[in-house]
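Note that this is a predicted model, so its numbers are computed, not measured.
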There are 2 protein chains.
Amino acid sequence: MNIVETIKKSTLFHSVDMQTIEALTKECHKKTFAKGRDIFAMGDKADAFFIILEGWVKLYRISKDGEEAIIHVFGPGESFAEAAVFNDTKTYPVNAHALDEVILVEIPRSFFIQKIEEDSQFALRMLGAIAARQHYLVQQIEQVTTRTAPQRIGAFLIRFCKKNKQAEGEWVVHLPYDKSVISTRMNIKPETFSRALAKLEPFGVHVENKKILITDMEALAEFCDISPNEIPC
Amino acid sequence: MNIVETIKKSTLFHSVDMQTIEALTKECHKKTFAKGRDIFAMGDKADAFFIILEGWVKLYRISKDGEEAIIHVFGPGESFAEAAVFNDTKTYPVNAHALDEVILVEIPRSFFIQKIEEDSQFALRMLGAIAARQHYLVQQIEQVTTRTAPQRIGAFLIRFCKKNKQAEGEWVVHLPYDKSVISTRMNIKPETFSRALAKLEPFGVHVENKKILITDMEALAEFCDISPNEIPC
DNA sequence: GAAGAGACTTGATCTGAATCAAGAGGGATA
DNA sequence: TATCCCTCTTGATTCAGATCAAGTCTCTTC
């Protein structure tokens, strides 16, 4: 796996020139975390942020009475904790945890700030990328508050599905991580997740362990209140 | 009300020098919206963002089946829609509505972008301000997903309360807008809001219309899972 | 291949909040 | 002062999702 290529493809840097990315690659470290390890904890000094080369990372918090809330799960090509670098407190406001073997690029705060100071175009791109993430969070709030569990799960499936090459008009989802993680991320208990997934059967959703087949995308999108242009591929 | 002073006091610009703010004041317009008017609608071209001089503004979305989700309510000194200016789509992703008579400063996209290009310190400050807002959204998600209605309402009261000058150890909240707006903002139906507020009585919360008295802040904070350093004043 | 541990499912019951319904109070207006 | 409208409260009922409990299935490990 080529670091330069991966960084270039990430959402944060895809509009940044190769020269800058090559300079960046020299300044930052590659780090590997085993499954189950914590990458950082809430309150740790935030002097770097990360791009994922491989694996899945969950950001979460624990409330006083032990409830876990998953803020987001990031996958290959995505960056996380970049906002923390600008916080007044300069500490991470959440925990980060490796869901499987994870390979990261760690980008030091100092390089990033220096780059923003000397390249206004870069600064504008970063502003745009962070604004996009904010937009996503706003959608999250909307989803959690106005949709039922089956609708939210359907929306998740549509976000992760790909066209089935074997069968025309069919779509497949390979769940990228455990169902229990997905359910926590959507604030649904595992039992409810299981039942809610079953409720999607009438809309052409067929489950085989981690592989899910969607045979009637139109009906599913309609049920989940997803507009057709949000269907990938 | 002095425009320059108000902008200087806003969260977005409080660390920006007076010269820049005075230049800014010349470039932007003051706009007034009557109670109930829409300031902009979802999908409108986003070529400006706003700072509130007076009044309250709610940002909301409407789902296909007519459900309203309030994303945020902003008050005097706060800015909103600044992230929209950097979106790929360059349109507002939400609706903005005047809850009462609202006076705004409209800041044009062009001035803002030009300023970022020529002043890297300014760019860094903006990045910081947007990151802070993002932090708030993350907290919102956590609150909505892990706390009960009475806990969320208690947290809201604590956020808006002030020390009572008449009585030592007491705190007062003057609800800044209608209870129905507060309840929608917290994703609670008005009926449930009313009952949930009543459930806070054992923790020293006494309601008199829009004025609420808190006589046992410690018990309330404990119940709502709020750490003591989050109590204002 | 047996044993154990996780991950997931299924069933029964409980509960917090929504919904449906009806009224109380508090301005504004005529 | 009476009427209308709007916000808020209170009561009864319903429902989605949580909780408690008991499997089943699959993968790992010896």
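In summary, of the residues considered (A:K211, A:K162, A:K163), a side-chain contact (heavy atoms from CB on, under 4.5 Å) with A:V172 occurs for A:K211 alone.
For the pair B:L175 CG and D:dC8 C1', the interatomic distance rounds to 12 Å; values are reported in whole Å. Distance OH (A:Y177) to C1' (C:dA7): 17 Å, rounded to an integer number of Å. Computed from coordinates, the A:R152 CZ to D:dA16 C1' distance equals 10 Å when rounded to whole Å. Summarising the geometry, the separation between CD1 on B:I182 and P on D:dT9 is reported as 11 Å, rounded to the nearest angstrom. Atom CG in A:N187 sits about 17 Å away from atom P in D:dA16, given to the nearest Å. Spacing between atom CZ of A:F193 and atom P of D:dG17 amounts to 13 Å, rounded to whole angstrom units. The interatomic distance linking A:L197 (CG) with C:dA7 (C1') rounds to 14 Å, in whole Å. Between the P atom of C:dA17 and the CE atom of B:M186 lies a distance of 12 Å, rounded to the nearest Å.
The nearest pair of heavy atoms linking A:A221 to A:I231 is CB-CD1, 4.2 Å. What you find for A:I214 and A:L157 is that their closest heavy atoms are CD1-CB, 4.3 Å.
Rounding to the nearest 0.5 Å places OH of B:Y92 at 8.0 Å from CZ of B:F80.
Among the nucleotides D:dG17, C:dA7, C:dT10, the one closest to any side-chain atom of A:S194 is C:dT10. Here the nucleotide nearest the side chain of B:D178, chosen from C:dC8, D:dT7, C:dA17, is D:dT7. For A:K179, taking side-chain heavy atoms from C-beta onward, the closest of the listed nucleotides D:dC8, C:dT9, D:dG17 is C:dT9. Set against D:dA18, D:dC8, D:dA21, the side chain of A:E191 has D:dA21 as its closest nucleotide. For B:K189, taking side-chain heavy atoms from C-beta onward, the closest of the listed nucleotides C:dA17, C:dT19, D:dA18 is C:dT19.
For A:K9, the NZ atom counts as loosely surrounded, since its 6.0 Å shell holds 12 or fewer non-hydrogen atoms of other residues, nucleotides or ligands.
Along DNA chain D, the nucleotide nearest to A:P150 and the one nearest to B:T192 differ in position, and the one closer to the 5' end is contacted by B:T192. Comparing B:S180 and A:T148, the nucleotide of DNA chain D nearest to each residue sits closer to the 5' end for B:S180.
Residue side chain B:R195 reaches the base of D:dG11 through a donor-acceptor N/O pair under 3.5 Å, judged by distance alone.
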